[in-house]
Amino acid sequence: MMVRRGEKSLGNPLDSLISMEYTSPIVLFMKTIITYGTFDLFHTGHVNLLKRAKALGDRLIVGVTSDAYDQSRGKLNVMQNCAERIENVRRSGLADLIVVEEEEGQKVLDVQKYGVDVFAIGSDWVGKFDYLKEYCEVVYLERTKGVSSTDLRQEKNEIVRMGIAGAGRIAGRFLYESKYVSGIDVTSVYARKEERAKEFAEIHELPEYYTDYSEFLNHVDAVYVAVPHHVHYDFVKEALMHGKHVLCEKPIFLTKREAEELFALAEEKNCILQEAIKTAFAPAFLQLVGVAKSGLIGSIRSVDATFTKLETDKTLREYDINQAGGALNELGSYPMLAIIKLLGIQEPEVSFITSKDSASGVDVFTRVNFLYKHASATANAGIGVKKEGDLCIAGTKGYIYVPAPWWKTEYFKLCFEDSRRNRKYFIKFEEDGLRYELSAFLNMIHGGGIVNHMLTPEESIFMAGIFEMFRNGENVRVLS
Ligand code: CTP
């Protein structure tokens with residue numbers, strides 16, 4: 001048995017010997033079978049499938065999905081990582097070769113590359129792989145009834161009952177996205193007005209709705225706080241006091257003190273408190289930060305990020321100063337996220353240039369300037385001014401450019417003086433992308449502590465401090 005990632009050896013010293021098998025003439029007379037799967041929490045269904053597949057020929061190749069591929073096809077919440085899942089398959093002793101499935105379209109190439117005679121897969125996929133019949137025989141094998149990785153995951157981790165506090169626009173989108181994350185069940189909504197709560201519950205087929213926040217909290221394990229910014233503090237505090245996990249819309253808090261107090265309270269109560277800036281959890285953004293920090297473009301010297309969304313209806317919350325409206329509060333978290341993920345939170349000097357709406361007094365366009373020891377950055381946010389929503393990261397060896405809308409990154413390019421070295425990266429971002437933050441939140445609840453590096457409490461506290469500075473008029477230049 002050997003493990004291959006494409007053509008690369010994973011370090012088994014026998015690889016070179018065993019791989020000779022494939023160039024030997026004997027192999028030509030062998031009947032080769034290939035099958036694919038995630039093989040998370042390896043179970044009897046998997047064993048049976050591999051046995052049935054192996055019985056179809058002489059040599060069985062098993063493709064195990066990479067973590068990135070599962071993410072990109074929306075299979076979130078897989079509990080074991082790729083190395084563990086490969087180990088599951090290896091231990092079964094049924095695979096002669098294990099390959100890693102890294103992207104869409106790979107099956108066609110693998111079938112040809114490994115001289116496959118039969119492609120076999122469970123009956124839950126009937127018809128889905130008929131396109132491979134052009135290259136080999138396709139067999140759908142009976143699936144073992146009554147067992148699946150999904151069921152095992154749910155047995156291991158109880159379903160988290162989640163409630164939505166607030167029945168506004170984002171709450172509806174959140175509900176839709178939550179359907180893509182297994183292990184979470186959105187059961188109720190809270191809204192101040194009964195009519196609104198009832199209507200929201202009916203439209204979204206939620207079993208329960210409440211107008212009493214405390215009662216609502218008694219019926220859930222976790223809360224998604226999607227009420228206006230200026231009441232986040234009260235809603236989050238009460239939820240934490242009830243011992244509930246909280247995912248709270250951005251900006252989570254508007255002052256540093258509030259942020260410090262409630263992140264400390266969350267720790268004390270052993271609850272997860274997470275700011276919901278969806279970009280922080282998106283696969284492409286994570287890769288973008290990894291590439292930028294890897295030294296490929298040298299030292300980062302400047303970051304410029306923009307998010308504008310023209311809003312003309314001045315009756316909306318966005319134009320209400322008493323509800324913490326304005327461009328920076330509304331949209332500034334995104335460009336600031338890019339800056340702090342790339343340049344850190346080690347006390348940059350921060351200043352603001354802003355244009356205000358004379359009637360409402362809210363800012364319609366704000367530029368935040370960050371001055372670090374070796375780099376500078378600008379975050380632009382606009383609700384009354386339109387600007388290209390792109391992100392540019394400039395380094396001493398090259399730069400990274402992400403076209404608008406960069407906060408839903410699906411594509412970015414790496415550019416150098418010698419343009420022959422330029423590279424393009426394409427990564428999926430599914431629909432609204434809220435599923436990534438929700439899936440990370442769920443992982444944290446289940447104790448998968450590796451995820452909160454994506455957006456730490458310290459980073460959220462730092463951003464709350466910037467909102468506070470702006471509101472207090474510290475280092476703010478108002479354009480007339
Ligand atoms: N399989 C099977 N019988 C089961 C479960 C899975 O024959 N009870 C087969 C699938 O049809 C597929 C392979 O095992 O050919 C790998 O499936 P995978 O998706 O990894 O397992 P599932 O248990 O179906 O996982 P999930 O619940 O996450 O979809």
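Model, not experiment: these values are computed from the prediction. Numbering of ligands and ligand atoms starts at 1, following listing order.
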Exam field: side chain [X] to backbone [Y], donor-acceptor pair closer than 3.5 Å:
X	Y	value
D58	K31	yes
T38	D40	no
E84	N81	yes

Under 4.0 Å between a side-chain nitrogen and a carboxylate oxygen: does that hold for [X] and [Y]?
X	Y	result
D185	R161	no
E275	K250	no
K179	E205	no
K133	D130	yes

Aromatic F416 / basic R421 pairing, under 6.0 angstrom, 45° off normal: yes
K107 NZ/CZ over Y36 ring centroid, <6.0 Å and within 45° of normal: yes
When you compare ligand 1 with [X], is there at least one nitrogen or oxygen pair between them that comes in under 3.5 angstrom?
X	result
L49	no
E142	no
D40	no
K145	no
W125	no
G37	no
T150	yes

Contact with ligand 1 for R153, non-hydrogen, under 4.0 angstrom: yes
Close approach, R52 and ligand 1, non-hydrogen under 4.0 angstrom: no
Within ligand 1, which atoms have a heavy atom of [X] less than 4.0 Å away?
X	value
S148	23 (O), 27 (O)
K75	19 (O), 25 (O), 26 (P), 28 (O), 29 (O)
S149	21 (O), 22 (P), 23 (O), 25 (O), 26 (P), 27 (O), 28 (O)
G122	11 (O), 15 (O)
V147	4 (C), 5 (C), 8 (N)
D124	10 (C), 11 (O)
T38	20 (O)

Close aromatic pair by centroid cut-off 6.0 Å: W125 and Y140: no
Distance flag, aromatic centroids of Y213 and F235, threshold under 6.0 Å: yes
Member of V402, I393, L391 meeting the side-chain contact (heavy atoms from CB on, under 4.5 Å) criterion with F412: V402
For [atom], what is the nearest protein heavy atom, given as residue, atom name and distance?
atom	value
atom 24 (O) of ligand 1	R143 NH1, 3.0 Å
atom 14 (O) of ligand 1	H46 CD2, 3.5 Å
atom 20 (O) of ligand 1	F39 N, 2.8 Å

